[in-house]
Amino acid sequence: TLVLATTQAIGQAVDQQTEGMITTLKGFSSAPIATEDDLHELHTRGTYALAGTGNFLVLIDSSFQQLFNTRFPFGTPLGKTSNTDTIQKALDSGQIVISDVAYGATAKAWVVPVFMPVAAPNGGRDVLVITQDANTLGSALLRREMPEGWRVALVDTGNKVIAASPSAKLAQGSPFFMPRNPQMEGQRGWQKLTIDGHDYVSIASNSTDTGWRVVAWAPDATVE
């Protein structure tokens, strides 16, 4: 009961963080971006509003060029973003898209971006982005105490590790060592599985907002 409640609570905390990111993004989306002064003003607003939160505001044009990024002073030369598939998905759908974990070449860190298309001055669309360091997003994992011997990880839809408890010793962005089992997802029961000759007991809680999973596991012998 404790492990199930903890995984669900972590999932709810992550959902609240991503919902907060979307709300913040919508607040910035009404700002004008027609001139260089507009961009400078939006950069300044984003810098002050997001200071200390682990979130950063980015504006990207339809050619995937970053126009500004609040990680850096305004006017800093920036390269193109590498997360082109997800940005294109947002541009094509006109909808907000929450990305899986991605390595930000500019940030030099694993991040989780949320993309929102906005009207560009040329009549097309730019993409306003709020990006959060995966470490910050995963802080919900570190605040929750698990029973002795249990580990927990937040895993994205591609089964990559967003964040994990320190004792799990899993690298961010690495493939999660437990394969996804679509037949078991959404069920509240325990799973027993054997991986590389080791027997585990696991339980997962799925996020309806993102499709991510919070997975808790322990060696079968520990549970027994």
Side-chain angles (χ1 to χ4, degrees), residues 11-34 38-76 78-121 124-141 154 156-158 160 162-163 172-173 207-212:
Q12 289 167 358
V14 171
D15 282 348
Q16 288 170 357
Q17 284 184 277
T18 54
E19 288 164 7
M21 291 168 70
I22 291 171
T23 300
T24 302
L25 197 55
K26 288 179 177 177
F28 287 122
S29 66
S30 59
I33 54 173
D38 290 340
L39 297 184
H40 197 173
E41 174 63 24
L42 182 55
H43 178 279
T44 302
R45 280 181 54 200
T47 300
Y48 282 105
L50 301 176
T53 66
N55 291 331
F56 300 91
L57 191 67
V58 188
L59 184 65
I60 300 171
D61 67 18
S62 58
S63 67
F64 310 118
Q65 173 64 45
Q66 296 180 78
L67 303 179
F68 70 72
N69 185 327
T70 60
R71 285 182 184 271
F72 307 98
F74 187 77
T76 300
L78 301 168
K80 292 191 174 186
T81 181
S82 56
N83 203 342
T84 55
D85 289 346
T86 312
I87 291 177
Q88 195 60 54
K89 181 180 176 182
L91 288 170
D92 291 344
S93 67
Q95 303 295 316
I96 294 173
V97 175
I98 301 174
S99 171
D100 280 339
V101 67
Y103 187 77
T106 303
K108 293 182 172 54
W110 288 95
V111 298
V112 176
V114 179
F115 300 105
M116 180 179 183
V118 293
R125 278 181 171 157
D126 290 342
V127 178
L128 193 62
V129 189
I130 189 165
T131 178
Q132 186 170 72
D133 290 346
N135 284 334
T136 306
L137 191 63
S139 62
L141 298 174
L154 177 63
D156 69 13
T157 61
K160 296 195 300 291
I162 299 173
Q172 284 179 321
S207 163
T208 53
D209 290 352
T210 61
W212 301 340

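Residue indices begin at 1 and follow the sequence shown.
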Side chains of [X] and [Y] in contact at under 4.5 Å (non-hydrogen atoms):
X      : Y      : value
Leu50  : Ile130 : yes
Leu57  : His43  : no
Ile60  : Ile87  : yes
Leu128 : Leu42  : yes
Val112 : Trp212 : yes
Lys26  : Ile96  : yes
Asp133 : Phe56  : yes

Of all the heavy-atom pairs spanning [X] and [Y], show the shortest one and how long it is.
X      : Y      : value
Ser82  : Tyr103 : OG-O, 3.9 Å
Gly158 : Asp156 : N-OD1, 2.9 Å
Pro121 : Ala34  : CG-CA, 3.6 Å
Gly173 : Lys160 : O-CD, 3.6 Å
Gln66  : Val58  : OE1-CG1, 3.6 Å
Arg125 : Leu91  : NH1-O, 3.2 Å

Check your understanding: So which of Asp100, Leu154, Val14 actually passes side-chain contact (heavy atoms from CB on, under 4.5 Å) with Ile162?
Key -> Leu154
Check your understanding: Do the ring planes of His40 and Phe74 sit parallel (below 30°), tilted (30 to 60°) or perpendicular (above 60°)?
Key -> parallel
Spatial distance of atom [atom1] ([X]) from atom [atom2] ([Y]) [nearest 0.5 Å]:
X      : Y      : atom1 : atom2 : answer
Phe115 : Thr131 : CZ    : OG1   : 7.5 Å
Asp209 : Gln17  : CG    : CD    : 12.5 Å
Glu19  : Ile98  : CD    : CD1   : 8.5 Å
Met116 : Met21  : CE    : CE    : 13.5 Å

Using a distance-only test with no angle check, is there a side-chain donor-acceptor pair under 3.5 angstrom linking [X] and [Y]?
X      : Y      : answer
Asn135 : Trp110 : no
Asn83  : Ser99  : yes
Ser63  : Asp61  : yes

Check your understanding: Among all residues two or more places apart in sequence or in another chain, which pass the side-chain hydrogen bond (donor to acceptor under 3.5 Å, both in side chains) test with Ser207?
Key -> Asp15, Thr210
Point to revise | Short side-chain to backbone donor-acceptor contact, Gln172 and Ala163, under 3.5 Å | key: no
Review point. Got a donor-acceptor contact below 3.5 angstrom from the Gln65 side chain to the Leu78 backbone?
Key: yes
